[in-house]
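Just so you know, ligand 1 is whichever comes first in the structure, and atom 1 is the first atom listed for that ligand. Model, not experiment: these values are computed from the prediction. Computed over heavy atoms, backbone and side chain alike; hydrogens, waters and symmetry mates excluded.
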Amino acid sequence: MLLDLARTRRILFFGGKGGVGKTTVSAALALRCADEGRPVLLVSTDPAHNLGHLFECDIGPEPRRIAPNLDVLELDPERTVDAHLAEVGAALRRLMPERLAGEVDRHMALSRDAPGMQEAALLERIAEVVAGAGNAHQLVIFDTAPSGHTARLMALPEMMAAWTEGLLARREQADRFGDIVRRMGSDTSVSDKLFGDSPVDGPRDRNARIRHLLHRRRQRFADLREALSDASRTAFVIVLAAERLPVRETIAFHAQLERAGIDVGGLVVNKRSPADAGEFLAQRRRQEQGYLDELDRELGDVARLEIPLGPGDVVGLAAVRALGGSLGE
Ligand SMILES: Nc1ncnc2c1ncn2[C@@H]1O[C@H](COP(=O)(O)OP(=O)(O)OP(=O)(O)O)[C@@H](O)[C@H]1O
Ligand SMILES: [Mg+2]
């Protein structure tokens, strides 16, 4: 199932509850596809990154080649927020009248910790990666943070687009108003008082520039939205353990993703207890079966793959490769 998805889609997201094996399974699939000769980019969107621990090396916000055909990167929301605020701050300072520079700086400093700022920054980076998908890589795999976070993130392009839309509408209203004021008379100082006194840009340039920035941003989110909801390009894989809460959460998560228009291509039931390793694990396996029956009733039509519980943690390239080998044909 995973290999089918990887062969037919260009973008895969892995999500699910904390600790179920999202990083391990997405990395195993990425390495397996890379070993088969396809260039793969594996991207962690989790602020508590663990691809570095898994592959036992330092991974940063720039793609790093860790095996033939396999590049890995960890998106860094802090750094993205800093870069974003620096860019917006510089643009605002240029666009606003000189006397408001202090105001702009205060606003930017407050924005750093505003709710949703990191998510918005993360989403911009995801949008960039998705926009570039297909340039150097045939497949891009996102390893995401535990479900609550990711579900919000997946609904965000919509919200960001609506927000940008609102700003644009206000902007255009202001432009029309500005035109009227300017036409009203020869006294240009009236419009200067209203629209600032930037030494760099006249009000018209300034408005055009703001509109351009907003349009670009709106386009970026619209492109991401389109990529996410295009089932021929993108699929979401939910990883879970066959336990009560992960199963319930998977059902809810699946519904959330559907509402966001995202195709759930498959479910991976990880760490399945073996039937032939003693009565203790056999009993656990029977209990797991009860939860999987519930999954069958609710999501019986979604493709499913089971991965057995291994004897130890999966760490290092060789162990990840071995797991990749067990993902089927
Ligand atoms: N099939 C398996 N058998 C044995 N151990 C496994 C298996 N899959 C994952 N693990 C182990 O479970 C732990 C959690 O895995 P992983 O880090 O991939 O989960 P995660 O869902 O990415 O966690 P987080 O939500 O913290 O990002 C790791 O120590 C990993 O080695
Ligand atoms: Mg992880």
Side-chain angles (χ1 to χ4, degrees), residues 1-3 12-32 41-61 66 70 72-77 118-119 122 125-126 140-154 236-250 252-254 256-257 264 266-278 280-282 284-285 288 291-292 304-328:
M1 171 275 267
L2 278 185
L3 290 166
L12 295 180
F13 281 86
F14 278 77
K17 216 170 153 56
V20 289
K22 299 174 292 295
T23 302
T24 310
V25 177
S26 56
L29 178 67
L31 188 55
R32 166 82 182 259
L41 178 64
L42 176 62
V43 185
S44 167
T45 72
D46 187 348
H49 296 301
N50 29 39
L51 284 174
H53 295 145
L54 179 61
F55 288 113
E56 298 178 301
C57 61
D58 283 335
I59 294 168
I66 59 160
L70 181 57
V72 175
L73 76 94
E74 294 181 335
L75 297 183
D76 181 346
Q118 294 232 342
E119 274 130 323
L122 206 53
R125 291 287 285 128
I126 292 177
V140 180
I141 298 180
F142 287 95
D143 166 30
T144 73
S147 4
H149 180 88
T150 305
R152 276 204 312 281
L153 208 60
M154 292 289 135
F236 205 101
V237 176
I238 305 179
V239 184
L240 70 149
E243 293 165 4
R244 197 164 71 95
L245 284 178
V247 164
R248 299 265 160 90
E249 196 167 301
T250 297
F253 193 22
H254 178 275
Q256 262 174 323
L257 289 168
V264 178
L267 307 176
V268 173
V269 182
N270 190 24
K271 305 190 194 183
R272 188 82 159 93
S273 300
D276 54 359
F280 177 78
L281 285 172
R284 280 207 69 87
R285 191 179 170 84
E288 289 165 7
Y291 296 126
L292 293 184
R304 206 154 83 197
L305 174 75
E306 290 188 13
I307 298 178
L309 176 70
D313 280 352
V314 183
V315 182
L317 217 51
V320 175
R321 186 167 273 131
L323 184 65
S326 72
L327 295 178

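- Nearest protein heavy-atom neighbour of atom 28 (C) of ligand 1: D313 OD1, 4.2 Å.
- Contact atoms of ligand 1 toward N50: 26 (O), 27 (O) (distance under 4.0 Å to a heavy atom of the residue).
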*R304 and L292: side-chain contact (heavy atoms from CB on, under 4.5 Å), yes or no, with the steps?*
CA-CA 10 Å; R304 206 154 83 197; L292 293 184; 4.0 Å; yes

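- At least one heavy atom of G312 sits less than 4.0 Å from an atom of ligand 1.
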_Intermediate values then yes/no, side-chain contact (heavy atoms from CB on, under 4.5 Å), R284 and E243_ = CA-CA 10 Å; R284 280 207 69 87; E243 293 165 4; 4.1 Å; yes

*asked:* The test is side-chain contact (heavy atoms from CB on, under 4.5 Å); show your working for D143 and N50 and say whether it passes.
replied: CA-CA 10 Å; D143 166 30; N50 29 39; 4.1 Å; yes

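- When non-hydrogen atoms are compared, ligand 1 lies under 4.0 Å from neither the backbone nor the side chain of V315.
- At a cut-off of 2.8 Å, T23 coordinates the Mg ion (ligand 2) through an N, O or S atom.
- Closest to atom 9 (C) of ligand 1 by heavy atom, among T24, D143, T23, is T24.
- Close to ligand 1: P308, with a non-hydrogen atom less than 4.0 angstrom away.
- When only interatomic distances are considered, the shortest N/O to N/O separation between N270 and ligand 1 falls below 3.5 Å.
- Only side-chain heavy atoms of D46 come within less than 4.0 Å of ligand 1; its backbone N, CA, C and O stay farther off.
- Looking at ligand 1, you'll find an N or O of G21 within less than 3.5 Å of one of its N or O atoms.
- Closest heavy-atom approach to atom 13 (C) of ligand 1 within the set K271, K17, R272: this belongs to K271.
- Under 4.0 angstrom from ligand 1, there are no non-hydrogen atoms of V239.
- Each of the following atoms of ligand 1 lies closer than 4.0 Å to a heavy atom of G18: 25 (O).
- For ligand 1, one of its N or O atoms has an N or O atom of V314 under 3.5 Å away.
- Considering backbone and side-chain atoms alike, G19 places an N or O below 3.5 Å from some N or O of ligand 1.
- I238 has its side chain within reach of L257: a pair of non-hydrogen atoms, C-beta onward, lies under 4.5 Å apart.
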*side-chain contact (heavy atoms from CB on, under 4.5 Å) between V269 and L240: does it pass, once the steps are laid out?*
CA-CA 5 Å; V269 182; L240 70 149; 4.1 Å; yes

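- Side-chain contact check for L29 versus L12: some heavy-atom pair is nearer than 4.5 Å.
- Between the CG atom of D76 and the OG1 atom of T45 there is a distance of 12.0 Å, given to the nearest 0.5 Å.
- Among all protein heavy atoms, the one lying closest to atom 25 (O) of ligand 1 is K22 NZ, 2.7 Å.
- I307 has its side chain within reach of L327: a pair of non-hydrogen atoms, C-beta onward, lies under 4.5 Å apart.
- Counting heavy atoms from C-beta outward, S26 and L42 have side chains that approach closer than 4.5 Å.
- Residues N270 and V20 are not in side-chain contact: their nearest non-hydrogen atoms beyond the backbone lie 4.5 Å or more apart.
- The protein non-hydrogen atom at the shortest distance from atom 3 (N) of ligand 1 is G310 N, 2.8 Å.
- Checked options R272, K271, R244; the residue passing with E288 is R272 (criterion: salt bridge (Lys or Arg N to Asp or Glu O under 4.0 Å)).
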